[in-house]
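Here is the naming used below: chain letters follow the sequence lines, and residue numbers restart at 1 for every chain.
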Amino acid sequence: MSSELEKVWKSEDYWAIWFSVIILAGAVTGLVHGVPKLRSWVSNPLEAVDAAMLAPLVLLAVGLGALLTLGVRIMGEPWRRFLAGYLVIFGFAVASFVAAGQESVNAVGLEYALWALAFGLLVANTVGTPDWLLAGAKSEMFIKTGLVLLGAEILFSEILRLGAPGLIVAWVVTPTVIVFMWLFGTRWLKMPSKTLTIIIATATSVCGVSAAIATAAACRAKKQELTLAVGMTMIFTVLMMVFMPAIAKLVGMQAAVAGAWLGGTIDSTGAVVAAGALLGEEAERVAAVIKMIQNILIGLVAFFVALFWVARVDRDPSAPRPSLMEVWYRFPKFILGFALASVFFSFVLMPMLGEARVAAILDTSKVLRGWLFCLAFVAIGLESNFKELASQLVGGKPIILYVVGQSFNILLTLLAAWLVFGGILFAAGS
Amino acid sequence: MRNPGLRRWLQLAAGFAAVALVIAALHLGVGRARGPFGRIWSANLASGVNASAFFYTEVGAVGEFVDGARGRYAAPRDPRPADLTALPDAPLPR
């Protein structure tokens, strides 16, 4: 028991929760506000980080660095080395946001995560990542903290707004696709890595990068596997964002059906809104709503994947059934932080402070979450090498899994969208 | 190259230069709408919501898009109309 108590101060899982509690408390009390979000630019990158942006950016680097370093120090790790590495990684994160903020790059949908990964991979695979920089590359700590912050954004009131049609498209199709891809990957393709299979399955069916990150943390996947899944997802998202609206328009699909179809299939939320907008206001609204309700599943999926891994995948078949305590010991605790943040914001803060104030708090925490995810992707890149990445792709199985799974997702979502938004199960327009 | 350390640093520099080139290529190809893909990207995405009418009236259906890629598609209007939503949501007469 004492060792479990010690983990409360010594493990990244718990620290992800403490970091988030401090950040969210700061946002609620107004101490943390005005977190810088880089501007978009056209031909001069300095437009993204002008003089007015510099001071808040330095403040963010120092403030976030101090908080994270405090945790690293209490965990008993070399905090000076962490701080030095962190500052350089923060610099790469700024560069990633600048690259993603270029108007045309942004229009094409090449998001910051891709640039962050690219910068990290570039360094790791050319000059190599020095030890002091690697000490700052605490990708899991960044990811888990970002995920707990993401939990606060999942509001139960949003679920109620959507009604049965939205729930059917988002909550029936998504688990079906996950189960299909899991079975297809493990039984048919016989993928050597179960963790890679489940990451690709959740990234395809739920919401791309965030779901991949949450699942990877829940099943303790290798960083290279997360890199691969995120890379594939982003490339296919760009293609789907362009061609799916064109197909919907070509066949004369109803706006609501098309919106539900796009929202249920395209992985990134930004891409969903952009694709929906191409089909008009109604399609955009339905697409965004479906994506939002699908995003709620991130926490549930991560929870069940963690449980499934502890009870089934990682379990020694010859060992007796694990006790509840053992499940608790091995369960990634930051997922509880994710769930608690969602419950607290939905049922305590929302009635107490009102929708507008909660939205303002979440605006702050969202930007901070973006920074943490960006730091995580730079760190993952710094920890990865191309040879290991290539070894994951041997035989092309991950790509086959993604393409087959996504095709199944596209067809099943289309069927569900037609049934519930096409006037078959519910009156059209309801 | 004899000096492997220098070679690695040059590779890193080349990598960052490649990133800058990719952004520049996207800026020229997408932002300035050059080439068939550039026209489609900019018509659809860079201009955002209002561009949908432009895409489906100027570029038309997927078949025409393929023709466009082969160079048989006439260049879109330049400059594009300021209010793209005002365009009819049907193919323009040829």
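- The two atoms that bring A:Thr126 and B:Arg8 nearest to each other are O-CD, 2.8 Å, heavy atoms only.
- Not counting sequence neighbours, the partners of A:Ala135 by the side-chain contact (heavy atoms from CB on, under 4.5 Å) test are A:Arg81.
- For A:Ala118, no part lies near chain B; criterion is any non-hydrogen pair under 4.5 Å.
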Per-pair distances, 0.1 Å, donor-acceptor, side chain in residues 256-265 of chain A, under 3.5 Å, sequence neighbours excluded:
from	atom 1	to	atom 2	distance (Å)
A:Trp261	NE1	A:Ile410	O	2.9
A:Thr265	OG1	A:Trp261	O	2.6
A:Thr265	OG1	A:Leu262	O	3.4

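- Residues meeting the side-chain contact (heavy atoms from CB on, under 4.5 Å) test with A:Val378, sequence neighbours left out: A:Ile89, A:Phe92, A:Ser96, A:Ala116, A:Leu382.
- Sparse packing is recorded around CH2 of B:Trp9, with 12 or fewer heavy atoms of other residues, nucleotides or ligands lying under 6.0 Å away.
- Around the CH2 atom of A:Trp41, the shell of radius 6.0 Å holds more than 12 heavy atoms that belong to other residues, nucleotides or ligands.
- Of residues 11-19 of chain B, those residues lying under 4.5 Å from chain A by any heavy-atom pair are B:Gln11, B:Leu12, B:Gly15, B:Phe16, B:Val19.
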